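Presented below is the structure to which this report refers.
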Amino acid sequence: MVDRSASRAGAGPSEDPGNLTSSSTSDEPTASTDSGGGMFRSLRERNYRYYASGQVVSLTGTWMQRAAQAWLVLELSGGSPAALGVAVALQFIPTLLLTLWAGVVADRFDKRRMLIGTQSALGACGLALGLLNVTGLVQLWHVFVLCFVLGCFAAVDAPVRQSFVVEMVGQAQLTNAVALNSMTFNLARIVGPAIAGVLITAIGTGWVFLANGLSSVAVVAGLALMDQAALHRVKPPPKQRGQLRAGLRYVRGRPDLIVVMVLVFCLGTFGMNFESTFAVITRNTFERDADGYGLLITMLAIGTLTGAALAARRSGRGVPRLRLMLLGAAVFGVLEAAASLMPTYELFAAALIPVGVAVMTFTTSANSTVQLAVEPTMRGRVMGLYMLLFLGGKPLGGLASGWIAEVLGPRWPILLGGLASLAAALGGVAVLAWRQRGAGSVGGGVARSRRLG
């Protein structure tokens, strides 16, 4: 019931031939990549098969709830974009408060057990909102409260989930597993809103929330059935003061990571407010119903699924390149801005497919770049910061999008988000070019960028 696309963390000990080491004694990170098994080679790991199977069901429920929640808020508020912005903000505010500390916890405790707890709680939130809705008791403040509670559990879940996948597949399959997670996420993104659009029209939003709550059983069952002896765990760091500050200092000393983090914040905050902006433009500009909103999310997801498949095919070619990440961010900005200018619903929907390909190129490259470039004992904390920046800007982005749509019109948040993403990408190119001082092409690779510091 959470939406996190790629993930992995805490790798095995450094003597493992499939392990990435990026300690201060090594100038370049190395990652052994097993090219055998094709695009789906991570599924050879039984634990990952359990995980992925549960995710297909659970994430489908998540996307059903996302569509239904946006529609319910608009119904209860009389179509107010500002109310939808408040709901988005409340759901992501806990990220600002909890995600960094959750990264510290992810480095120290059993991630599988933590995920069982957070996923169960997230499912309970869906059931509670569904029961309020189908009984006719739901009010707007109920939705706001449950958005905040759900956000608290999701904020803890995010870095734990991000740092767990490598424990299932090992370091050599990390990049492939990230891409497959994105494919799962975006397959659910296609199916979920399409189902939600039909169900909302036929039987109402309440039953969609109940279905999502029940879907969390699948991922919890997958986690419970795993063979713990087969997990690629590392010895957790000893309990001591200052672990969070140590993680922040680690990132501060890595210029390549700083560029990625800034880009992730800018695009996540201003460019990727798809659910709220699409709901408003569907209802208030194109005058379509819930099934029209679901179709827009589906069209975007076709693009992101395509982008994830391309990333899975590329995953056997070595470590990801910063150049690809920067290109993906820049192209995404241009395409999103262009999509906002489409005069008809049909053209707008079609324009979302290439937008999806570009955004997935950026997100998979950024996630893989970070995870492959950090020390295993730091991965939970670094991914906590990554998720804080990726999701923590959502309250600001949601409120800004709602206000802009209210004042200027539904198209403007999409246009300005695309332009902001393009500006951030160009800024990243300029910073890396300046630091390299002619040492090679910008973003020529993770190893090269690591030498910048």
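It should be emphasised that the depicted structure is a prediction, and the values quoted were computed from it without experimental measurement.
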Step through it carefully: locate the ring centre of Phe348, locate the ring centre of Phe278, and say whether they are under 6.0 Å apart.
yes

Side chains of [X] and [Y]: closer than 4.5 Å at any heavy-atom pair?
{"X": "Val382", "Y": "Tyr386", "answer": "no"}
{"X": "Thr304", "Y": "Val357", "answer": "no"}
{"X": "Leu150", "Y": "Gln65", "answer": "yes"}
{"X": "Pro94", "Y": "Phe148", "answer": "yes"}
{"X": "Leu324", "Y": "Phe362", "answer": "no"}
{"X": "Asp227", "Y": "Tyr50", "answer": "no"}
{"X": "Tyr345", "Y": "Leu295", "answer": "yes"}
{"X": "Leu310", "Y": "Thr361", "answer": "no"}

Once rounded to the nearest 0.5 Å, what's the spacing between atom OG of Ser216 and atom CD1 of Ile116?
12.0 Å

Set of side-chain hydrogen bond (donor to acceptor under 3.5 Å, both in side chains) partners for Thr118, sequence neighbours left out:
Asp157

Quick one: does [X]'s side chain have a donor or acceptor within less than 3.5 Å of a partner on [Y]'s backbone?
{"X": "Thr135", "Y": "Leu132", "result": "yes"}
{"X": "Ser215", "Y": "Asn212", "result": "yes"}
{"X": "Arg112", "Y": "Leu223", "result": "yes"}
{"X": "Thr269", "Y": "Cys266", "result": "no"}
{"X": "Arg49", "Y": "Arg44", "result": "yes"}

For Arg161 and Tyr51, test the side chains for any donor-to-acceptor distance below 3.5 angstrom and give the result as yes or no.
yes

For a quick check under 3.5 Å, do Gln228 and Arg113 share a side-chain donor-acceptor pair by atom type?
no

Show the nearest heavy-atom pair for residues Met64 and Ala211, with the distance to one decimal.
CE-CB, 4.1 Å

In terms of heavy-atom contacts, Val370 and Met383 come closest through CG1-SD, 3.7 Å

Give the C-alpha distance, both sets of side-chain angles, the deciding distance and a yes or no for side chain to side chain contact (heavy atoms under 4.5 Å, CB included) between Leu180 and Tyr48.
CA-CA 10 Å; Leu180 292 187; Tyr48 186 73; 3.4 Å; yes

Can you check side chain to side chain contact (heavy atoms under 4.5 Å, CB included) on Val105 and Val160, steps first, answer last?
CA-CA 8 Å; Val105 173; Val160 179; 5.8 Å; no

Report the C-alpha separation of Gln91 and Gln69 in whole Å, then their side-chain angles, then the decisive distance to 0.1 Å, and conclude whether the side chain to side chain contact (heavy atoms under 4.5 Å, CB included) test is met.
CA-CA 11 Å; Gln91 188 161 332; Gln69 179 178 289; 3.0 Å; yes

Taking Asn284 as the fixed residue, which of Val280, Thr282, Ile281 is the one that meets the side chain to side chain contact (heavy atoms under 4.5 Å, CB included) rule?
Val280

